[in-house]
Amino acid sequence: MMNVAVVGAGVNGICCALSLAEKGCKVTIYESKTPFSETSSKSSKLLHGGIRYLESFQIKLVKEALADRAWWIRNAEQYTKINRFFIPIYKKKSRSRLKLFLGVKIYEWLACSNSLGESQYHSRKQTLALNPVLCSDGLMGSVSYIDVQMDDRGLSEWLMRKAKSVGVVIQENTPIKRVGLDGSITRVDGKEIKYDKVVNACGPWAKKLIDDSDLRSEYSFALLKGSHILIDRFLANPLVVQIPENDRIVFALPHNGRTLIGTTELKHEISDQINCSEQELMYLINAASSVFAEKLKTNEVAEVYAGLRPIVSTELKVEALSRATRESTIETIGNLTNVFGGKWTSAMRLGNTVSEKIVKSKEKIPC
Ligand SMILES: Cc1cc2nc3c(=O)[nH]c(=O)nc-3n(C[C@H](O)[C@H](O)[C@H](O)COP(=O)(O)OP(=O)(O)OC[C@H]3O[C@@H](n4cnc5c(N)ncnc54)[C@H](O)[C@@H]3O)c2cc1C
C-alpha cells in the first residue's frame, strides 16, 4: 500500500486525498490551520464553467468545468442550487446584445447533455418584472443563462466525511515546514516523517513551501486577491454586472437571505495581509449600485472576505489578470507532486488526475 502525505486541506488537497484513498493509498493530510479555512471558503460559491472565460476563448476550460459542474449535481445535489443568472444590458455601458446573447447560448451549448436549461433574451419589461431591484434608467433588456450556486460549507463537510470514510487521516493545526523530493515532510517542531509520495496542495502557499524547502519549480506565479462583500439585502435572482471601464464583470448573488457581491482582482504579494481594502469595498458597492434602483450604502455591508488565487504566469499586466487562465497545473519532481491553481468546480477532476499520476508511478523514486 502506497503511503502518501498531502499538505494543505483546501478543496484541492481533500479531493486529491479522497481520490488517492479510493485507489488504495494510505493518506494523511497535514493542514496548518483547519480544513477549508482559506481560499476554499473565500470563493464566489459558484459551480460553473466560467462564462467570462468565453471572451478570452478558453473554450476547453469552460467545457470541462461545465462537465465538472454536472458531477457535483449528480453526486451532491443537496448542496447545489440551480439558478437563472441575468446579465442586464444598459445603454452606453455594455457589450452588444448580440454578443451577450451568443455568449449565453454558447455557454448553454458547451454544456451539451449537461445543459441545465435554455439561455434566453428578455425585453426591458420582462427584465424589470423578473428583477425589480434593477434601475430602469437606460435599461434595454437582459440575457439569462442557467448556472449553479453551492453551499460550500455543506459541500466541504460532505467531502471531509467521504475522505474520512475511506481512511484519510486529517492532522489539523499542523503546518509543514519543508517537503523533500525523497517523499519526506518536516513539521515545524523539526520532526521528519517519510512517505512514498507527497502532494503539495497548499494553494496560494504552494510556491512558498517549495521555496522554504530549497526546491525549484519550473513555474512562476502571480497571486491575485479577490474580495467579496455581503449586503443585508434580499435579491431574487443572481445578476452579472458589467463593469464598463475595463470589461470586467461582478456577480451579485442571493446568499442565505443576503446578497453576495464579488469579486475584485488585485495583484498581491504573499507577505501582504489578505483583507478586503476600503478601495475594494467601494469598488464593489459602486459596481452593484450601477445597476440597482436603490443605491447601496456602506452601512448595509454586513461582512467582507478576501481570498487569493495563484495564477501561473510570469509577467501579468493588471488588465490581463481577469482573463488569465484558471486552469490548474500539476508538476511532479521526484516523489513530490505540486498542485497549483484551479477552481472549486474542477477540484475532483484535479484530485483524480493527481491520484492517477501517483498510482501509475507506483515505485518510490530514489532521490
Ligand atoms: C476570490 C475568489 C473567488 C473564487 N470563486 C470561485 C467560484 O465561484 N467557483 C470556483 O469553482 N472556484 C472559485 N475560486 C477558485 C477556488 O476557490 C480555488 O481554486 C480553490 O479554493 C483552491 O483550493 P486549494 O485547496 O488549492 O487552496 P486553499 O483552500 O487555500 O487550501 C490550501 C490549504 O493549505 C494550507 N497550507 C498552506 N501552507 C501550508 C503548510 N505549510 N502546511 C500545511 N498546510 C498549509 C492552508 O492553510 C490552506 O488551508 C475562487 C477563488 C478566489 C480567490
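The structure presented is a predicted model; accordingly, all values stated were derived computationally and were not measured. Just follow the structure's listing: the first ligand is 1, and inside any ligand the first atom is 1. Scope of the values below: all heavy atoms of this structure, side chains included, with no hydrogens, waters or symmetry mates.
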| message | Please confirm whether His48 approaches ligand 1 to less than 4.0 Å, judged on its heavy atoms. | response | yes

| message | Contact between ligand 1 and His228 is defined here as a heavy atom of the residue under 4.0 Å from a ligand atom; is it met? | response |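 Checking ligand 1 against His228, which is what was asked, there is a heavy-atom contact under 4.0 Å.
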
Can you report which non-hydrogen protein atom sits closest to [atom], along with the distance?
atom	result
atom 48 (C) of ligand 1	Glu31 OE1, 3.5 Å
atom 12 (N) of ligand 1	Trp344 N, 3.1 Å
atom 13 (C) of ligand 1	Ser43 CB, 3.9 Å
atom 50 (C) of ligand 1	Arg309 NH1, 3.5 Å

Could you pull out, from [options], the option with a heavy atom nearest to [atom]?
atom	options	answer
atom 25 (O) of ligand 1	Val148, Leu308, Asn12, Asp68	Asn12
atom 19 (O) of ligand 1	Gly342, Pro204, Gly341	Gly342
atom 29 (O) of ligand 1	Pro310, Ser40, Ser37	Ser40

| More than 12 heavy atoms of other residues, nucleotides or ligands under 6.0 Å from CD of Gln78: is that the case? | yes

| request: Check the surroundings of atom NZ in Lys81: do more than 12 heavy atoms from other residues, nucleotides or ligands lie under 6.0 Å from it? | output: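 Incorrect, the count does not exceed 12.
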
[X] versus ligand 1: do any nitrogen or oxygen atoms come within less than 3.5 Å of each other?
X	result
Leu46	yes
Ile176	yes
Thr39	yes

| message | Quick one about Ser361 and Lys197 (side-chain donor to acceptor, distance below 3.5 Å, no hydrogens or angles considered), yes or no? | response | yes

